[in-house]
Amino acid sequence: MNYQEINRIKKLKKIKLLGINPYPSKIYKINYNIKKILNNKNFLINNNKILIITGRIINIRNMKNSSFIDIKDYSDYIIQLYYNINNLNIKYKNNKYYINLFKKYLDIGDIIYVKGKLFLTKVKEYTILINKIILLSKSIYPIPNIKIKNNKIYYKFKNKEKRYRMRYIDLIINNNIKKNFIIRTLIINYIRKFLNKINLIEVDTPILQNIPGGANAKPFITYHNKFKKYYYLRISNELFLKKLIVGGFKGVYEFSRNFRNESIDKIHNPEFTILEFYIPYKNYIWMMKFIKKLFNYIYKKILKINNINIINFTNKFKKIKFFNFINKYINFKINENTSKKKLIKLSNILNIKINKNYNKDKIIDNIFNLLCKNNIKSPTFIYDYPKYMSPLAKCKNNNSLLTERFELYINGIEIANAYSELNDPIEQLNRFKKQNKKNIDKDFIKALKIGMPPTVGIGIGIDRLIALFTNNNNIQEVILFPQMK
RNA sequence: GACUUGGUAGCUCAGCUGGUAGAGCAUUACACUUUUAAUGUAAGGGUCCUGGGUUCGAAUCCCAGCCAUGUCACCA
């Protein structure tokens, strides 16, 4: 415990001795928040409005018989409070009481309830002249102090490790942190609204799974005591949603928290959110158009509250075939027929390290990741992926080596992955077998055998999407409590 | 997993070629009736990430470890 904390615990005892409960319980009605006050300054002054607000103290300037206190509330705005001994309620006019309570025992970090009127100080700062103040919660642990001049913040809390581990302090101290998370929720709500409008059903599918399917990643393993059986935290919900399409829903979606036992970087967290949705009787061409509409809709909504400087979604989305795209950045022409031998040769020429165990999909993916994808800035659909890279996608009508699949890239980052779903059970089983997986989800195959209508499905990386819409290049900034060791 | 940069007061950071720790804000005390990065005077506050080693002497040099930043690999 540090000395500041010890000091405050002493204060806490003295406050209690004064007969004040430092952690009271009541309903505290407020009639304004700080943002609203600052937006209606003139009205409030002209009408002599009595303001009742709550907030956290972030700075105190004490004079002999008066004080200035800066408080911040949930609106993330700051306002100055002023009190003078003469302006306080009769109850507080006893000098000793006033000095003890307000001058000595209030600290940065305390949460207070305040009643007063707005006025303009000599230095032209809009300020609340308060006549009533109630301590709602005493702060014991010192938070970093903030100094503000001309709207510039001079002292920050910017150590990333501390910010993420103590997000509550980050949210108090740093501006726009809360805003990022509010935007996150807004975007998710807008997506819901958009999908509900076309009558998709939001569903919940199991997080604990027998067989971790629908993607290729290391799962987290857990254990059920009664069943004496290992379970896996889902790496994807894809197969379950398709089972629901077999079951006859008009279309389903789920914001799925997925878990992958891999390492962490700018665009990966061990637990992350993917929106998946599946719509029968549509295909991937339809989905491209739909995604464009969805992103435009979100963009317009968010633009009203936040500048998005990373990308402009109102421009046309680009569209380019997978192999055409790759061929733009290498001096060779490759396509779905190019043999593994040639691809290995090519990798050597391009100075791309490859492992002997690598399959064709892995080699191509390396070329794509290292030489091509970073050239994508504006939203671009890469489409018609080779079959060997897409075990769950349906083949094209005129070419059985390509699939009806696209990925949406923005700023070099994969945001979405979609395909016309493979619904031929025999072929699906064969493709699973080719993957040499230990566990094949036979139940999923059974569902396909019963018959799944032609369906399009997509997965959208929500954390990455939110990062884009909040001008962040790291998803840790849009995950409230990112994973830390 | 590899490399990179870092870990010093509540926060942000200095600390050179080794000589047992500094600043600003925060804290405490006093002064001050409208300040605003309030001000003035004084004071207190440190397991220098951990463990070894070198040395008369280590925050500093060396080794190992822990945690984090960034890049890469893994994540089709």
Side-chain angles (χ1 to χ4, degrees), chain A residues 1-8 10-11 58-70 78-87 103-104 107-109 119-127 129 139-166 169-170 173-174 214-219 235-236 258-270 272 352-355 358-366 368-370 385-393 405 407 414 417 435 437 461 473-474 476 482 484-485:
Chain A
M1 200 158 48
N2 69 60
Y3 60 97
Q4 295 197 44
E5 213 175 323
I6 292 165
N7 262 334
R8 292 201 182 183
K10 281 181 193 163
K11 282 187 190 178
I58 56 156
N59 199 6
I60 300 177
R61 294 176 292 282
N62 276 330
M63 261 118 286
K64 189 170 187 184
N65 286 323
S66 62
S67 287
F68 292 91
I69 300 178
D70 297 328
I78 295 166
I79 197 163
Q80 176 173 263
L81 311 177
Y82 170 70
Y83 63 79
N84 185 303
I85 182 164
N86 300 317
N87 291 87
K103 218 171 150 184
K104 286 193 176 173
D107 285 304
I108 291 173
F119 77 109
L120 197 58
T121 64
K122 278 181 188 171
V123 249
K124 294 190 175 171
E125 170 98 10
Y126 286 91
T127 300
L129 177 67
S139 172
I140 296 304
Y141 188 91
I143 55 170
N145 54 312
I146 309 174
K147 296 282 178 176
I148 300 158
K149 190 188 184 183
N150 302 330
N151 292 324
K152 271 190 186 171
I153 294 174
Y154 281 76
Y155 296 89
K156 289 182 188 170
F157 179 61
K158 58 183 183 182
N159 180 304
K160 279 196 171 188
E161 183 178 2
K162 286 175 184 167
R163 282 184 50 225
Y164 298 152
R165 286 192 198 276
M166 298 184 284
I169 298 181
D170 189 33
I173 300 301
N174 290 322
N216 200 7
K218 284 170 210 147
I235 56 173
S236 165
N258 293 345
F259 304 83
R260 295 187 183 175
N261 211 334
E262 316 277 354
S263 60
I264 297 170
D265 62 33
K266 275 185 183 177
I267 52 169
H268 294 95
N269 194 59
F272 61 105
I352 293 172
K353 284 178 197 166
I354 44 165
N355 205 312
Y358 281 7
N359 285 326
K360 265 168 104 171
D361 59 320
K362 185 78 203 149
I363 299 169
I364 289 261
D365 205 41
N366 262 336
F368 179 79
N369 284 331
L370 295 173
Y385 280 69
K387 180 177 157 186
Y388 54 77
M389 287 181 85
S390 319
L392 296 159
R405 172 184 177 191
E407 290 195 346
E414 177 195 343
N417 180 16
Q435 280 188 307
K437 284 244 179 147
N473 64 354
N474 190 331
Q476 286 180 310
M484 294 249 148
K485 203 166 178 181

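In what follows, chains carry the letters A, B, and so on, assigned in the order in which the sequence lines appear, proteins first and then strands, with residues in each chain numbered from 1.
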Separation of atom [atom1] in [X] from atom [atom2] in [N], rounded to whole Å:
X: A:Ile143; N: B:A9; atom1: CD1; atom2: C1'; result: 17 Å
X: A:Phe368; N: B:C75; atom1: CZ; atom2: P; result: 15 Å
X: A:Phe68; N: B:A37; atom1: CZ; atom2: C1'; result: 15 Å
X: A:Ile169; N: B:C11; atom1: CD1; atom2: P; result: 8 Å
X: A:Asn159; N: B:G6; atom1: CG; atom2: C1'; result: 10 Å
X: A:Glu161; N: B:C49; atom1: CD; atom2: C1'; result: 10 Å
X: A:Asp361; N: B:A76; atom1: CG; atom2: P; result: 10 Å
X: A:Tyr3; N: B:A29; atom1: OH; atom2: P; result: 14 Å

Taking all non-hydrogen atoms of both residues into account, name the closest pair between [X] and [Y] and its distance.
X: A:Asp361; Y: A:Tyr388; value: CB-O, 3.4 Å
X: A:Phe157; Y: A:Ile169; value: CE2-CG2, 3.6 Å
X: A:Ile364; Y: A:Met389; value: CG2-SD, 3.9 Å

If you check every side-chain atom of [X], which of [options] has the closest atom?
X: A:His268; options: B:A26, B:U36, B:C75; answer: B:C75
X: A:Gln435; options: B:U69, B:U28, B:A76; answer: B:A76
X: A:Met63; options: B:C74, B:U34, B:C11; answer: B:U34
X: A:Lys160; options: B:A73, B:U69, B:C32; answer: B:U69

Can you tell me if [X] touches the phosphate of [N], counting only side-chain N or O atoms and a distance under 4.0 Å to OP1 or OP2?
X: A:Lys11; N: B:U28; answer: yes
X: A:Lys149; N: B:A38; answer: no
X: A:Ser263; N: B:C74; answer: no
X: A:Asn369; N: B:A76; answer: no
X: A:Lys64; N: B:C32; answer: yes
X: A:Tyr358; N: B:C74; answer: yes
X: A:Lys162; N: B:C11; answer: yes
X: A:Lys485; N: B:U69; answer: no
X: A:Asn474; N: B:G70; answer: yes
X: A:Gln4; N: B:G44; answer: no
X: A:Arg61; N: B:U35; answer: no

What is the nucleic acid contact for [X], judged by heavy atoms within less than 4.0 Å: base, sugar-phosphate only, or nothing?
X: A:Asn145; result: base
X: A:Glu5; result: nothing
X: A:Asn261; result: nothing
X: A:Gln476; result: sugar-phosphate
X: A:Ile79; result: nothing
X: A:Arg165; result: sugar-phosphate

Partners meeting side-chain contact (heavy atoms from CB on, under 4.5 Å) with A:Pro219 (sequence neighbours left out)
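Scan of A:Pro219 (side-chain contact (heavy atoms from CB on, under 4.5 Å), adjacent residues dropped) gives A:Pro212, A:Tyr232, A:Ile235.
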Closest-nucleotide 5' rank along RNA chain B - winner of A:Lys156 and A:Lys147:
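The 5'-side residue here is A:Lys156.
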RNA chain B: 5'-proximal contact among A:Glu125 and A:Tyr141 (nearest heavy atom)
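Looking at RNA chain B, the more 5' nearest nucleotide goes with A:Tyr141.
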Taking the [atom1] atom of each, how far is [N] from [M], in whole Å?
N: B:U27; M: B:G10; atom1: C1'; value: 9 Å
N: B:C62; M: B:A23; atom1: C1'; value: 31 Å
N: B:A43; M: B:A26; atom1: C1'; value: 15 Å
N: B:C49; M: B:U36; atom1: C1'; value: 38 Å
N: B:A9; M: B:A76; atom1: C1'; value: 50 Å
N: B:A14; M: B:G70; atom1: C1'; value: 23 Å
N: B:G52; M: B:A59; atom1: P; value: 14 Å
N: B:A21; M: B:C16; atom1: P; value: 14 Å

Please give the nucleotide sitting opposite B:A64 as a Watson-Crick or G-U wobble pair, both distances under 3.5 Å, or none.
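B:U50 is the nucleotide pairing with B:A64.
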Pairing nucleotide - B:C30, Watson-Crick or G-U, each distance under 3.5 Å
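Base partner found: B:G40.
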Taking donor-acceptor contacts at under 3.5 Å, does the side chain of [X] reach the base of [N]?
X: A:Asn2; N: B:G45; answer: no
X: A:Asn7; N: B:U27; answer: no
X: A:Thr121; N: B:U35; answer: yes

Answer yes or no: are there more than 12 heavy-atom neighbours, outside A:Lys156 itself, under 6.0 Å from its atom NZ?
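It does not: A:Lys156 NZ has 12 such atoms or fewer within range.
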Heavy-atom distance under 4.5 Å between the side chains of A:Arg165 and A:Lys162, does that happen here?
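No - every pair of side-chain heavy atoms lies 4.5 Å or more apart.
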Could you tell me if the side chain of A:Ile173 sits less than 4.5 Å from the side chain of A:Ile143, heavy atoms only?
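A:Ile143 vs A:Ile173: side chains touch.
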Could you tell me whether the side chains of A:Glu407 and A:Tyr385 share a donor-acceptor contact shorter than 3.5 Å?
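There is such a pair (donor and acceptor under 3.5 Å, judged by atom type) between the side chains of A:Glu407 and A:Tyr385.
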Taking side-chain hydrogen bond (donor to acceptor under 3.5 Å, both in side chains) as the test, write out the residues that go with A:Asn174, two or more places apart.
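side-chain hydrogen bond (donor to acceptor under 3.5 Å, both in side chains) list for A:Asn174, sorted by chain: A:Asp170.
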